[in-house]
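Please read these numbers as outputs of a predicted model, since none were measured by experiment. Indexing begins at 1, ligand by ligand and atom by atom, following the structure's order.
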Amino acid sequence: MAVDATQPYDDQNIFAKILRGEIPCKKVREDEWSLAFHDINPQAPLHILVIPKGQYVSWDDFSAKASEAEIAGFVRAVGAVARDAGLVAPGYRLLANAGTDSHQEVPHLHVHLFAGRPLGPMLAI
Ligand code: 5GP
C-alpha cells in the first residue's frame with residue numbers, strides 16, 4: 001500500500017528493522033549517517049537503496065526536519081555509493097518516491113540508485 005507521506009514515523013517499517021539488524025540486507029556501504037543495500041527486487045542490473053539512519057518518513061520529512069549534518073552526510077553518501085561502484089562515467093539514475101501519487105511503499109526515506117544499462121526515458125507512462 002502506498003505511504004501517506006504526512007503520517008508519523010512508524011519504527012516497525014521494514015527499513016527500520018534493517019537498520020536495527022532485525023532483518024538482513026546485502027549491505028553496500030554504511031557510515032554514521034546512512035546505510036546502502038541492494039534492493040530485494042531489483043529493477044535494473046544494479047539497484048541500490050540508500051537510507052538515512054535518522055527516522056524520516058519521506059523526502060519531505062527529511063528536508064524539513066533533518067539537521068544540516070544529517071542532510072550533508074546523506075547526500076554525500078549517495079554520491080559515494082555511485083562513485084565507489086564506478087558509475088560516474090557510465091551514469092546512473094536516482095529516484096525518491098514521496099507519498100501516495102509516487103507509490104512510495106516503505107515509510108522510511110530511501111533513494112533508489114539504478115544503473116548497469118541504458119535506463120531509457122525517465123518515466124514509463
Ligand atoms: P518505494 O516504492 O517505497 O520507493 O520502494 C521500496 C523498495 O524497497 C522496493 O524497490 C522494494 O523492492 C524494496 N524492498 C521492500 N522490502 C525490502 C526488504 O525487505 N529488503 C530490501 N533489500 N528491499 C526491500
Side-chain angles (χ1 to χ4, degrees):
M1 198 169 109
V3 166
D4 170 359
T6 64
Q7 71 187 49
Y9 187 81
D10 170 11
D11 70 2
Q12 294 306 306
N13 78 76
I14 200 92
F15 293 169
K17 291 180 180 178
I18 286 175
L19 278 170
R20 291 194 295 265
E22 295 167 11
I23 288 178
C25 70
K26 279 177 63 184
K27 190 191 293 186
V28 173
R29 184 183 189 281
E30 183 172 15
D31 64 22
E32 181 181 357
W33 307 110
S34 69
L35 177 68
F37 51 95
H38 291 278
D39 196 290
I40 205 166
N41 182 25
Q43 306 294 313
L46 187 63
H47 183 174
I48 294 171
L49 300 171
V50 192
I51 66 176
K53 288 197 168 171
Q55 298 190 336
Y56 299 101
V57 174
S58 68
W59 191 271
D60 178 69
D61 195 20
F62 185 70
S63 61
K65 297 186 193 144
S67 69
E68 308 294 312
E70 286 177 297
I71 292 170
F74 181 63
V75 171
R76 288 193 187 280
V78 174
V81 167
R83 212 172 300 119
D84 293 351
L87 299 176
V88 175
Y92 58 94
R93 179 170 293 158
L94 302 176
L95 182 148
N97 291 317
T100 311
D101 275 359
S102 75
H103 213 77
Q104 179 183 359
E105 288 183 349
V106 179
H108 181 114
L109 170 62
H110 46 285
V111 169
H112 297 258
L113 186 159
F114 302 105
R117 65 167 166 79
L119 293 164
M122 192 158 61
L123 289 178
I125 306 204

(Q) So, regarding Val106 and ligand 1 (criterion: nitrogen or oxygen to nitrogen or oxygen, under 3.5 Å), is there a contact or not? (A) yes
Q) Could an N or O of ligand 1 be found under 3.5 Å from any N or O of His103, whether backbone or side chain? A) yes
Q.
Would Asp11 and Arg20 count as a side-chain contact (heavy atoms from CB on, under 4.5 Å) here? Give the steps.
A. CA-CA 10 Å; Asp11 70 2; Arg20 291 194 295 265; 4.0 Å; yes
Atoms in ligand 1 flagged as close to [X], the criterion being non-hydrogen separation under 4.0 Å:
X      : result
Asn97  : 1 (P), 2 (O), 4 (O)
Asn41  : 12 (O)
His112 : 1 (P), 4 (O), 5 (O), 7 (C), 10 (O)

Q: If the plane angle is over 60° it's perpendicular, under 30° parallel, otherwise tilted; pick one for Phe114 and His47.
A: tilted
Q) Side chain, backbone, both or neither: which part of Ile40 has a heavy atom under 4.0 Å from ligand 1? A) both
**Q.** ligand 1 contact on Ile23 by region, counting heavy-atom pairs under 4.0 Å
**A.** neither
Considering only non-hydrogen protein atoms, determine which one is nearest to [atom] and report residue, atom name and distance to 0.1 Å.
atom                    : result
atom 7 (C) of ligand 1  : Asp39 OD2, 3.5 Å
atom 22 (N) of ligand 1 : His38 O, 2.9 Å
atom 19 (O) of ligand 1 : Ile14 CG1, 3.5 Å
atom 3 (O) of ligand 1  : Glu105 N, 2.6 Å
atom 1 (P) of ligand 1  : His110 NE2, 3.1 Å
atom 8 (O) of ligand 1  : Phe15 CZ, 3.4 Å

(Q) Could you check whether any heavy atom of Val3 sits closer than 4.0 Å to an atom of ligand 1, since that is the contact criterion I want to use? (A) no
(Q) Here's a test for you: under side-chain contact (heavy atoms from CB on, under 4.5 Å), which of Leu19, Val57, Asp61 qualifies with His108? (A) Leu19
Q) Hey, do the aromatic rings of His112 and His110 have their centres closer than 6.0 Å? A) yes
Tell me whether [X] contacts the main-chain N or O of [Y] through its side chain, where contact means a donor paired with an acceptor under 3.5 Å.
X      : Y      : result
Arg93  : Leu119 : yes
Gln104 : Val106 : yes
Gln43  : Asn41  : yes

Q.
Could you report the tightest heavy-atom contact between Ala115 and Gly91, atom names first, then the distance?
A. CB-O, 4.1 Å
Q. Do you know which of Glu32, Glu30, Glu70 makes side chain to side chain donor-acceptor pair (under 3.5 Å) with Lys53?
A. Glu30
